[in-house]
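Down below is the structure, laid out as structure tokens.
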Amino acid sequence: MSTRPASPEAALAFRRMWLELEGVGLHPTTGGYRRYAWTRTDHDLREWFAGEARTRGLDLTTDRMGNQWAWWGDPDAAVAAGDPGVVVGSHLDSVPDGGAFDGPLGVVSALAALDDLRASGVRPRRPVGVVSFADEEGSRFGVACAGSRVITGAMSPERARGLRDLDGVTMAEAITRAGGDPEHLGRDEETLARVGTFVELHVEQGRALDRLGRAVGVGSDIWPHGRWRIDVPGEANHAGTTALEDREDAMLGLAAAVISARRAAQEHECLATVGKVEVVPGGVNAVASCATAWLDARGPDAEAVRRVVDDVRDVVADFDALVTEESWTRATDFDPVLTRRLATLLGGAPVIATGAGHDAGILANAGIPTSMLFVRNPTGVSHSPDEWASADDCLAGVGALADVVADLAGAPAR
């Protein structure tokens with residue numbers, strides 16, 4: 001079976017949902033999205049998802065981290081029978097000034113895939129869930145995939161509650177302001193038991209499928225990756241009266257961190273990025289009293305990634321800087337049997353690896369049979385307003401996901 005477009009009913013629903021989300025969190029100047037966890041925009045997205053679940057008669061639940069799950073069928077009865085459900089979905093939050101597709105494509109496609117199956121008269125034997133994970137990008141509090149990390153136990157609730165944004169607001173405070181209970185955070189055995197299989201559809205964040213001439217591919221694995229905070233001390237002083245030899249300028253250590261990260265990445269054949277910095281006091285005419293940089297490092301080999309960080313640590317030690325690991329995700333191989341099954345089902349779809357982290361990786365590392373579908377991105381651009389996929393390819397992704405769900409949930413694919 002090859003990938004097919006979505007049914008007319010599912011295509012119509014996809015376009016409607018896409019238009020409804022188009023303006024939510026869109027910055028009028030940059031053209032990018034600012035959809036951050038536990039904000040008013042996040043609330044609007046959560047209400048939108050709840051409304052879509054209600055429209056379809058799905059049972060909506062929220063787990064111990066605020067992730068939303070919409071169920072078609074009874075997941076608890078399936079657990080009792082020893083045959084837990086099939087879950088699809090992704091996330092709705094964004095990086096700063098991110099694109100429209102990263103995350104929302106997976107959620108919208110999952111809901112549209114259910115519409116496709118229902119239009120075909122399919123009644124799955126296993127319950128089917130659609131999930132919208134909270135705080136996948138980590139844009140506000142610095143730790144990616146926080147929603148899936150907390151419920152799987154990969155991040156403790158104490159650490160999650162204590163994470164702070166750039167305004168000093170803790171996650172606990174943000175959740176409280178949003179009407180939630182931060183004391184409820186924690187590993188969620190009940191929710192995890194309901195997930196027998198998880199498949200996350202995502203826009204590709206590279207050009208592998210474009211080069212292969214295919215609209216949809218299957219994920220094989222995720223590179224190991226992590227984030228480190230680099231704190232460089234200094235001493236505030238006047239830019240116009242302080243001699244160079246008398247300065248303790250934190251910016252020099254920050255610059256050394258950025259340059260050493262690039263050099264180390266090249267040497268160890270990895271990727272390293274310093275894309276976020278904070279400088280105090282932040283005045284044009286003031287010597288910096290402290291500077292903080294966040295290093296993202298990833299690559300095909302975990303030890304090589306660690307060597308990149310060690311090289312940076314050695315360089316910034318000359319500036320008395322402190323390097324602190326904020327998150328680490330080991331190399332993640334998706335379930336090989338499941339991956340082969342999906343590739344065969346989708347007419348020999350190409351199987352590709354990715355350097356991007358996803359909630360699918362966290363669930364896979366927690367022992368849940370997991371795989372991913374990727375939709376072609378002809379530009380290869382992601383985490384940018386220029387991120388894009390064609391309407392035809394998106395609908396091919398919906399059709400592919402519907403066939404995957406039908407196969408895994410025990411109903412014949414169309």
Side-chain angles (χ1 to χ4, degrees), residues 1 6-7 9-10 12-14 17 46-92 106-134 147-148 151-152 188-201 335 337-338 341-342 345-346 359-360 363-364 366-373 397-414:
M1 180 183 298
S7 68
E9 295 85 351
L12 185 64
F14 182 96
M17 289 186 285
R46 295 172 67 83
E47 285 295 299
W48 175 87
F49 183 83
E52 291 299 318
R54 186 165 52 249
T55 296
R56 292 169 175 80
L58 306 178
D59 293 325
L60 183 67
T61 64
T62 304
D63 63 29
R64 296 185 62 188
M65 183 54 187
N67 305 307
Q68 294 175 287
W69 306 76
W71 286 99
W72 180 19
D74 186 343
D76 295 323
V79 171
D83 194 16
V86 175
V87 177
V88 290
S90 191
H91 62 95
L92 292 172
V107 176
V108 171
S109 296
L111 292 166
L114 265 61
D115 296 336
D116 183 288
L117 295 177
R118 286 176 162 180
S120 302
V122 169
R123 296 293 301 177
R125 179 180 55 81
R126 298 168 68 188
V128 178
V130 177
V131 63
S132 177
F133 281 108
S148 54
I151 65 163
T152 59
D188 196 324
E189 298 289 356
E190 181 180 5
T191 294
L192 295 174
R194 294 169 171 169
V195 186
T197 310
F198 178 58
V199 178
E200 181 174 3
L201 180 144
D335 186 283
V337 174
L338 176 61
R341 179 175 177 175
L342 300 193
L345 175 72
L346 301 178
D359 291 307
L363 267 59
I368 293 173
T370 300
S371 192
M372 292 189 71
L373 299 184
V398 172
L401 189 61
D403 285 347
V404 164
V405 171
D407 182 72
L408 296 176
R414 196 175 72 180

Check: Is there a donor-acceptor pair closer than 3.5 Å between any side-chain N or O of Asp188 and the backbone N or O of Asp63?
Finding: no

Notebook entry, point to check: Looking at Val108 and Met17, what are the two nearest heavy atoms and their distance?
Noted result: O-CE, 3.6 Å

Checklist line | Met65 versus Gly147, closest heavy-atom pair with distance | finding: CG-CA, 3.5 Å

Margin query: Using only atom types and a distance under 3.5 Å, with no angle test, would you say the side chain of Arg126 pairs donor to acceptor with the backbone of Pro84?
Written below: yes

Notebook entry, point to check: Do Glu200 and Ser90 have side-chain atoms, one donor and one acceptor, less than 3.5 Å apart?
Noted result: yes

Check: Yes or no on side chain to side chain contact (heavy atoms under 4.5 Å, CB included) for Leu201 and Val88, after CA distance, side-chain angles and deciding distance?
Finding: CA-CA 7 Å; Leu201 180 144; Val88 290; over 6 Å; no

Note to self: Do Leu363 and Val87 make a side-chain contact, defined as non-hydrogen atoms from C-beta onward lying under 4.5 Å apart?
What the structure shows: no

Check: Within a strict 4.5 Å, meaning less than it, do heavy atoms of the Val128 and Trp71 side chains meet?
Finding: no

Margin query: Testing the basics here: between Ala193 and Val79, what is the closest heavy-atom pair and its distance to 0.1 Å?
Written below: O-CG2, 3.4 Å

Check: Which heavy atom of Leu111 sits nearest a heavy atom of Leu58, and at what distance?
Finding: CD2-CD1, 4.5 Å

Note to self: A side-chain contact here means heavy atoms from C-beta on lying under 4.5 Å apart; do Val122 and Pro124 qualify?
What the structure shows: yes

Check: Taking C-beta and beyond as the side chain, do Phe49 and Val130 meet within less than 4.5 Å on heavy atoms?
Finding: yes

Check: What residues, two or more places apart in sequence or in another chain, satisfy ring pair (Phe, Tyr, Trp, His ring centres under 6.0 Å) together with Trp72?
Finding: none

Notebook entry, point to check: Any side-chain donor-acceptor pair under 3.5 Å between Ser148 and Asp359?
Noted result: yes

Margin query: Strictly distance-based, threshold 3.5 Å: is any side-chain N or O of Thr370 a donor or acceptor partner for the main-chain N or O of Ile368?
Written below: yes

Next item on the list: Drop me the distance from Arg194's CZ to Thr61's OG1, to the nearest 0.5 angstrom.
Entry: 5.0 Å

Next item on the list: Starting at CG of Leu192, measure out to CZ of Arg64 and round the result to the nearest 0.5 Å.
Entry: 10.5 Å

Margin query: Suppose we call two aromatic rings close when their centres sit under 6.0 Å apart. Are Phe133 and Trp69 close by that rule?
Written below: yes

Checklist line | Residue pair Pro369 / Phe198, side-chain heavy-atom distance below 4.5 Å | finding: no

Notebook entry, point to check: Could you state the interatomic distance from OG1 (Thr197) to CG (Asp335), rounded to the nearest 0.5 Å?
Noted result: 8.0 Å

Check: Do the non-hydrogen side-chain atoms of Val404 and Leu346 ever get within less than 4.5 Å of each other?
Finding: yes

Check: Where is the tightest heavy-atom contact between Val398 and Ala10, given as atom of each residue plus distance?
Finding: CG1-CB, 4.3 Å

Next item on the list: Hey, could you give me the OG/CG distance between Ser109 and Leu114, rounded to the nearest 0.5 Å?
Entry: 12.0 Å

Check: After noting the C-alpha distance and the side-chain angles of Val405 and Leu117, does the key distance pass the side chain to side chain contact (heavy atoms under 4.5 Å, CB included) rule?
Finding: CA-CA 9 Å; Val405 171; Leu117 295 177; 3.6 Å; yes

Next item on the list: Show the numbers, then the answer: is there a side chain to side chain contact (heavy atoms under 4.5 Å, CB included) between Asp83 and Arg125?
Entry: CA-CA 10 Å; Asp83 194 16; Arg125 179 180 55 81; 2.4 Å; yes

Checklist line | Reported CD1-to-CD distance for the pair Ile151 and Glu189, which is rounded to 0.5 angstrom | finding: 10.0 Å

Next item on the list: Measure from the side-chain N and O atoms of Arg118 to the backbone N and O of Arg56, and report whether any donor-acceptor pair falls under 3.5 Å.
Entry: yes

Notebook entry, point to check: Just by distance, do the side chain of Asp116 and the backbone of Ser7 share a donor-acceptor pair under 3.5 Å?
Noted result: yes

Check: Is a side-chain donor or acceptor of Arg46 paired with a backbone partner of Gly66 at a separation under 3.5 angstrom?
Finding: yes

Item checked: Stepwise salt bridge (Lys or Arg N to Asp or Glu O under 4.0 Å) check, Arg341 with Asp407 -> CA-CA 10 Å; Arg341 179 175 177 175; Asp407 182 72; 2.7 Å; yes

Checklist line | Side-chain heavy atoms of Leu401 within contact of Val199, under 4.5 Å | finding: yes

Checklist line | Side-chain heavy-atom pair Asp115, Glu9 within 4.5 angstrom cut-off | finding: no

